[in-house]
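To start, the structure itself, in structure tokens.
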Amino acid sequence: MRITGVRLVATTVLAALTLAMGACADDSGSDAGAGSGTDTGSNSSGTIKEGLKVAFLPKQVNNPYFDTSDNKGGKVAVGEFKGTFSQTGPSEASPSAQVSYINTLSQQQTDVIVVSANDKDAICGALTEAKSAGAKIVTYDSDTKPECRDVFVNQATADGIAKSQIKLISDAVGADGGEIAILSATANATNQNAWIEMMKTELAKPEYSKLKLVDTVYGDDKDEKSFQEAQGLLAKHPNLKGIISPTTVGVAAAARYLSGSSYKGKVQLTGLGTPNQMRAFVKDGTVKAFALWNPADLGYLAAYAGGALASGMITGKEGDKFKAGKLGDYTVGANGEIVLGDPFTFDSSNIDQFNF
Amino acid sequence: MAVETPVREPVSPPRATARGLLGSWDLLVLVALVLVVVVGTLTIDGVGNPRFYRFVVLEAIPIALIALPMTLIVITGEIDLSVASTVGLTCSVMGKLWQSGLTSLPALIAISLVLGAVLGAVNGLFVTVFGLPSLAVTIGTLALYRGLAYVVLGDKAVADYPVEWTRDMIAPIPGTVIPWFVLVVAALAVLFGVLLHATPIGRGLYAIGNNAEASAYSGIAVMRTKFWLFVATGVVAALAGVFWTFRFASARADNADGLELSVVAAVLLGGVSIFGGRGGLLGVVAAVALLGTLRNALQLADVPANALTIVTGTLLIASVVGPNVVRMARGRLRRRPPEERTQP
């Protein structure tokens with residue numbers, strides 16, 4: 001008991017000192033980083049502690065995407081740093097059900113909770129409570145409000161997605177270029193529109209001068225509407241050489257239309273899709289390559305980020321650096337975001353290695 | 001009295017005696033609850049912790065709230081499956097109003113409760129005036145109200161409420177970790193408990209559940225009673241919607257999706273007969289506590305979500321079969337010769 005007391009006092013004093021130093025650094029505006037000593041027990045150059053309890057809480061269990069990220073990625077990483085891995089969660093993707101599981105994890109004194117939020121606000125209270133019980137919070141795949149977690153492991157940036165989509169369609173269409181079109185989700189989808197804008201910027205570059213964007217249509221993320229819109233594009237633009245559909249519903253519907261039409265192999269298609277939806281179309285030659293992120297890598301990185309947080313190697317502030325096993329070095333960006341990297345390209349050579 | 005009691009016994013409403021309040025099934029549920037708490041505390045890390053009960057109570061509040069009027073409805077032989085959609089629609093409307101600049105909390109709550117009353121009245125009208133079966137009507141409004149919730153709010157969430165509102169809603173009773181809102185539930189439980197077990201209206205509810213036609217002939221306003229029960233259920237579901245919105249700081253059209261099943265499960269497990277005429281509030285309150293504690297304890301023991309669903313399903317079947325078995329057993333005991341019955 002007395003040792004605990006002494007430690008408590010020591011930690012408090014050190015924490016107060018660090019705070020004071022941090023405040024000084026902020027005030028002077030110079031000499032940044034000088035205050036971040038090793039006094040607080042942080043070990044920025046050290047290794048991840050052994051025996052950490054790391055729990056993955058996906059949007060829902062029994063979901064192939066999350067089974068891949070958690071069991072093929074998170075579990076592997078946790079095994080590498082000798083922690084205890086678990087995956088838990090509700091069977092339906094509801095925020096209130098997630099709250100109940102977060103409460104359970106905080107009672108179990110879990111060191112790291114890696115969660116994909118069903119609602120960016122609804123699980124905040126429970127996460128804050130878990131934080132105060134000592135857990136480090138990593139969001140992955142889907143973020144909460146920044147103040148409710150320590151870091152967010154983001155799949156890819158909008159810029160990275162736009163670049164990879166244009167590269168893929170350019171490669172598929174070939175050196176002669178030609179007319180291309182975009183089949184998007186809904187007309188007011190924020191992320192889709194941001195990607196489309198960046199794709200236009202990308203197309204303005206000299207290396208893509210032979211590609212000409214002639215149309216953008218919206219399938220509303222509905223299978224039959226996307227199917228009809230793809231059909232309409234080809235009727236309207238007889239010289240169309242390629243379609244980009246940066247939505248999993250759209251790209252699968254367009255692929256289904258193309259594969260059953262005379263355009264198969266003549267009009268190229270790429271987009272953001274999942275391997276299970278696109279496998280048949282890659283094998284029958286309708287689609288050469290498409291992109292998404294590798295969920296296994298996403299889970300792997302999230303586990304390492306959590307391990308680094310719980311070991312005091314990083315705090316989640318901008319500029320923190322850590323090593324994520326086989327994926328290499330990562331730096332925490334603004335708002336505690338860690339970007340996995342460029343989207344992952346699936347083609348006939350690798351698609352059979354994935355099941356989600 | 002002595003002459004008429006044996007004749008009326010099988011269908012008589014529970015009287016305000018120890019035995020009446022605590023039928024044998026209620027007692028079984030209470031015993032099961034104590035067992036879960038004791039075994040859980042001894043075997044699962046964290047179940048003995050006060051925080052465990054804070055989380056259990058927070059989760060159980062919406063279910064407990066709606067289970068109170070639902071008990072009365074089921075006792076009259078009807079059912080209301082639209083309650084969770086009423087919660088969702090209330091949340092959506094409240095979120096929309098807040099978003100459009102209505103910033104008074106009392107006004108938001110008042111409008112929500114009135115909305116709940118209207119939604120309940122719609123159910124009540126279809127059941128009483130048009131004489132439609134409540135199962136069909138409320139399956140219809142289950143879809144209708146949820147659909148309206150999506151019309152109001154779409155797939156957006158409204159979440160920018162003042163932090164005090166959401167904090168105050170789940171704040172503990174001073175000196176404990178138990179959220180104060182449980183007192184609202186307790187007050188309503190007493191209200192509905194007195195209404196059901198200690199007033200002529202309550203006795204009327206049992207009579208309606210046992211034989212609606214006979215009760216109508218004996219002067220009970222069957223239709224009017226049922227109508228107001230649906231209104232009451234709507235109001236309480238709306239109150240659950242208010243709690244839900246601020247508990248999770250998020251109004252969404254899909255709030256409380258599927259909650260009606262948890263409520264019906266609790267009511268049936270509490271010993272209320274799905275055919276009407278039998279059951280009491282004490283058993284239902286005990287059942288809500290039992291289901292909540294069991295769920296959270298099993299979750300703490302790392303039982304996966306799928307297995308939890310199986311446990312709940314099994315309990316539900318047991319709750320429908322169980323009271324009948326208990327009743328049959330009691331009936332058999334009663335038919336035995338007296339000398340055998342007195343043996344220990």
Side-chain angles (χ1 to χ4, degrees), chain A residues 53 55-63 66-67 70-71 84-110 117-130 132-134 142 144-145 147-148 185-186 188-190 220-221, chain B residues 44-56 58-60 62-63 84 87 91 95 154-161 163 166-167 169-170 177 244-252 254-259 262 292 295-310 312:
Chain A
K53 279 161 78 175
F56 273 69
L57 181 55
K59 283 186 176 173
Q60 65 182 128
V61 292
N62 307 322
N63 175 320
F66 287 112
D67 283 341
D70 299 1
N71 294 319
T84 318
F85 167 89
S86 66
Q87 190 210 36
T88 181
S91 47
E92 78 279 14
S94 102
S96 51
Q98 262 186 330
V99 163
S100 152
Y101 280 91
I102 294 166
N103 290 343
T104 300
L105 290 173
S106 75
Q107 290 178 75
Q108 289 173 334
Q109 320 260 287
T110 307
N118 280 324
D119 182 305
K120 75 180 172 64
D121 299 284
I123 66 171
C124 259
L127 286 180
T128 310
E129 215 159 333
S132 65
S142 169
T144 58
K145 282 191 292 192
E147 61 266 31
C148 310
T186 54
N188 51 11
T190 322
D220 291 346
D221 259 346
Chain B
I44 303 168
D45 239 14
V47 172
N49 195 314
R51 277 176 72 218
F52 172 79
Y53 292 99
R54 171 176 167 75
F55 292 141
V56 169
L58 275 175
E59 220 168 290
I63 299 173
V87 174
C91 290
D155 55 2
K156 306 258 187 320
V158 178
D160 52 347
Y161 306 101
V163 135
T166 61
R167 193 190 52 213
M169 190 60 78
I170 60 167
V177 293
W244 194 286
T245 302
F246 296 128
R247 150 104 169 94
F248 294 113
S250 182
R252 293 158 54 106
D254 66 349
N255 275 1
D257 201 11
L259 191 77
S262 307
R295 224 192 104 81
N296 283 272
L298 290 178
Q299 228 165 271
L300 264 181
D302 284 328
V303 173
N306 305 327
L308 275 180
T309 317
I310 294 171
T312 318

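A, B, ... follow the sequence lines: proteins, then strands. Residue 1 opens every chain. These figures come from a predicted structure and were not determined experimentally.
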Report the option among A:S106, A:C124, A:G125 that has the most heavy-atom pairs separated by less than 4.5 Å from atoms of chain B. A:S106
Can a donor-acceptor pair be found between the side chains of B:N296 and A:Q107 at a distance below 3.5 Å? no
Residue selection (most heavy-atom pairs with chain B, distance under 4.5 Å) from A:L105, A:N62, A:N103: A:N103
Is chain A contacted by the side chain of B:L308, its backbone, both, or neither, given a heavy-atom distance below 4.5 Å? side chain
Would you give the length of the straight line joining atom CD of A:Q108 to atom CD1 of B:I44, rounded to the nearest 0.5 angstrom? 10.0 Å
So, the part of B:E59 with a heavy atom under 4.5 Å from chain A: the answer is side chain
Please look at B:T166 and chain A and tell me whether the side chain, the backbone, both or neither of the residue comes under 4.5 angstrom of a heavy atom of that chain. neither
Under a 4.5 Å cutoff for heavy-atom pairs, which residue among A:T88, A:D119, A:I123, A:V61 has the most contacts with chain B? A:D119
Please round to the nearest 0.5 Å and tell me the distance separating atom CZ of B:R295 and atom OG1 of A:T104. 8.0 Å
Identify the two heavy atoms, one from A:G89 and one from B:A305, that lie closest to each other, and give their separation to 0.1 Å. O-CB, 3.2 Å
Residues, nucleotides or ligands: over 12 heavy atoms within 6.0 Å of B:N49 CG: yes
For a 4.5 angstrom cut-off between non-hydrogen side-chain atoms, does A:V99 reach B:F248? yes
Region of A:S86 in contact with chain B, defined by heavy-atom distances below 4.5 Å: neither
Please classify the contact of B:R247 with chain A as side chain, backbone, both or neither, using a heavy-atom distance under 4.5 Å. side chain
Proximity of residues 91-98 of chain A to chain B, residues having a non-hydrogen atom under 4.5 angstrom: A:S91, A:P95, A:S96
